[in-house]
Amino acid sequence: MSPISAIVRKEIRSYFVSPIAYVVASVFLLLIGLLSFLAVATASNRSLQMLRGQGSLPDLNLNDIVFRPVFANMAVILLLVVPMLTMRLFAEEKKLKTMELLVTSPVTITDIVVGKFFAAFTVFAGMLALTAVGPLALAPFAQFQWEPLLTAYLGVLLMGGLFLSAGLLASGVTENQIIAVILSFGGLLLFWLFGWAGQVFADSAFGKVLSYLSPLEHFEHLVKGLVTTSDVVYFTAGIVFMLFLTHRVIESQRWR
Amino acid sequence: MIQVEHLTKQYGPKTAIADVSFSVEKGEVLAFLGPNGAGKTTTMRILTASMPATSGSARVAGYDCFDNPREVKRAIGYLPEVPPLYTEMTVTEYLTFVGRLKGVEPERLPGALDRTLEQLSLGEVRGRLIANLSRGFKQRVGLAQALIHDPPVLILDEPTVGLDPKQIIEIRQLIKTLAGSHTIILSTHILPEATAVAQRVVIIHEGRIVAEDSQDQLSARLRRSEKVSLTLKSPAPDARDRLQTLPGVLSVHQEDSTTFLVEAELGHDLREDLARFAVRNEWGLLELKLVTMTLEDVFLRLTQHEEGVEAHP
């Protein structure tokens, strides 16, 4: 067994021996469940209204009126929930002085960073997989396209990965978990606002850069069913860059 | 097994260790003695290849700590001052994780686990959560994680700090049993610890090595005179002055009404003369012993720059 998989296993295990994974997953799934219910209920009301108005069953696209709003809101929930998943990853190790075990073991800092990221990503992906209950439950009663749904899930996975890597970086700079949460939440929100700021300066190159840096626009493409290299590159490059920064931060702490 | 040459580490403008050089032979136990903040932990961290030095070199088991960190880490078992324990794990889970982390092959891991648990008498608590263990057991689990991959070198940072006297004796006993088959460096600011387990002592103060020798030789090197403690049943009131008149005596210090500390020139053993003198005067000789400098005295003399610090029993 490679040291990375030892770290991944240990981290996944510690998610489930503490209440963190259960609480985070419960809150996440509850919110997604409620969101899905509201979206379906709204769609149902709208279709009834249209039925009354037109006298025939309208041709409603479930992808547009149910899943797209659910995924758009899921992004906001991720913003709140993901920092909770990453806050302890390095902060706790430093506080409890167990980091010393990791850095004196024959593993590289890359192994440690990647191992921790994969563990958090696996837990996140597991959480996300449970939300598939919604579309699966709707499938027998309604017609919708699976492809845009899958690309939307790809979008959530990629954006979740980006948020997780940013959260890992925040956890790397402090030994206080609360500070780690605030830093990652604040940092993510800042990038979120870049999208808005990009619209304000839409005419300038600066505005275009800001818009590109915001994950929102890239995420929206994927939710719409549009998979472009540019968006996938944005997320993967973002994840790699955040993990690289985390590596530098942890490495620099060896010198102090 | 360990060679350290001209090692210097600076944290910004602060020099943690300066020009530290020493070596440890295979199977030897070396105590790193110094007050808190002397640079012991910094030196140990550099040796574990977890912290780079500003200048100088350190080699462990033939590998350079900076150029071959992975090989060095494989060769070392390190117990930091605070044992790095995941308290939500059981002892077995924790040691299994550490074994994997240290690169113990999966097929060898169960054997390594059993050997370590037995070596540290942890069998009875193997299934218990580390959080629920006593301080002494936690320290032993900490030592177990350093031993799980059977490294040739052990580096123990203050291994007995915070333990009760019984636990201290147990840990020292363990270290003694590990000596010989392992090369051990242990740091301590507790003086008897160095004398109890180590063959050689390196004294570090303000980041510099102030002495390095065997414990006996250190005392001998620093001793500037021979001292004899003399206890008499009924000394005459002028006993102190009369002792002073004996040939070779430099000074006589009266500790209490019956005990005298007699200092002579180096190489001049006064015991025979003193015994004869006390018997002849019928003072009732109760005890006569040579006072050697304790490590504590050596330590104080070296670190406090107090030229006048004298040895006391």
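Just so we're on the same page: letters track the sequence lines, and every chain starts at 1.
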Is [X] close to chain A through its backbone or its side chain, or both, or neither, when contacts mean heavy atoms under 4.5 Å?
X        : answer
B/Leu85  : backbone
B/Val98  : side chain
B/Glu105 : neither

Above 12 or not: heavy atoms from other molecules or residues under 6.0 Å from [atom1] of [X]?
X        : atom1 : answer
A/Phe37  : CZ    : no
B/Glu118 : CD    : no
A/Leu136 : CG    : yes
B/Phe22  : CZ    : yes
A/Phe194 : CZ    : yes
B/Glu25  : CD    : no
B/Arg208 : CZ    : no
A/Phe241 : CZ    : no

Find the distance between [atom1] ([X]) and [atom2] ([Y]) and round it off to the nearest 0.5 Å.
X       : Y        : atom1 : atom2 : value
B/Thr87 : A/Leu96  : OG1   : CG    : 6.5 Å
B/Phe97 : A/Ser105 : CZ    : OG    : 7.5 Å
A/Arg9  : B/Arg100 : CZ    : CZ    : 4.0 Å

So which atom in B/Arg70 and which in A/Asp111 form the shortest heavy-atom distance, rounded to 0.1 Å?
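Scanning both residues completely, I find the closest heavy atoms to be NH2-OD2, 3.5 Å.
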
Among B/Lys102, B/Met51, B/His149, which residue forms the greatest number of heavy-atom pairs with chain A at distances under 4.5 Å?
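Top count of heavy-atom pairs under 4.5 Å with chain A: B/Lys102.
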
With a 4.5 angstrom heavy-atom cut-off, which part of [X] approaches chain B: side chain, backbone, both or neither?
X        : answer
A/Ile7   : both
A/Val103 : both
A/Ser18  : neither

So A/Lys97 and B/Glu81, side chain to side chain contact (heavy atoms under 4.5 Å, CB included) or not? Walk me through it.
CA-CA 9 Å; A/Lys97 311 278 182 206; B/Glu81 192 175 343; over 6 Å; no

Electrostatic pair B/Arg45:A/Glu100 at N-O distance under 4.0 angstrom
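A salt bridge is present here (some side-chain N lies under 4.0 Å from a carboxylate O).
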
Any ion pair linking B/Glu93 and A/Lys10 (charged N to carboxylate O, less than 4.0 Å)?
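So A/Lys10 does not pair with B/Glu93 through a salt bridge.
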
Please determine, among A/Gln253, A/Glu93, A/Met99, the option with the most heavy-atom pairs under 4.5 Å with chain B.
A/Glu93

Hey, does A/Leu101 have a side-chain heavy atom less than 4.5 Å from the side chain of B/Tyr86?
yes

Can you spot which of B/Pro84, B/Ser50, B/Pro80, B/Pro69 makes a side chain to side chain contact (heavy atoms under 4.5 Å, CB included) with A/Thr104?
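Testing A/Thr104 for a side chain to side chain contact (heavy atoms under 4.5 Å, CB included) against B/Pro84, B/Ser50, B/Pro80, B/Pro69 leaves exactly one candidate, B/Ser50.
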
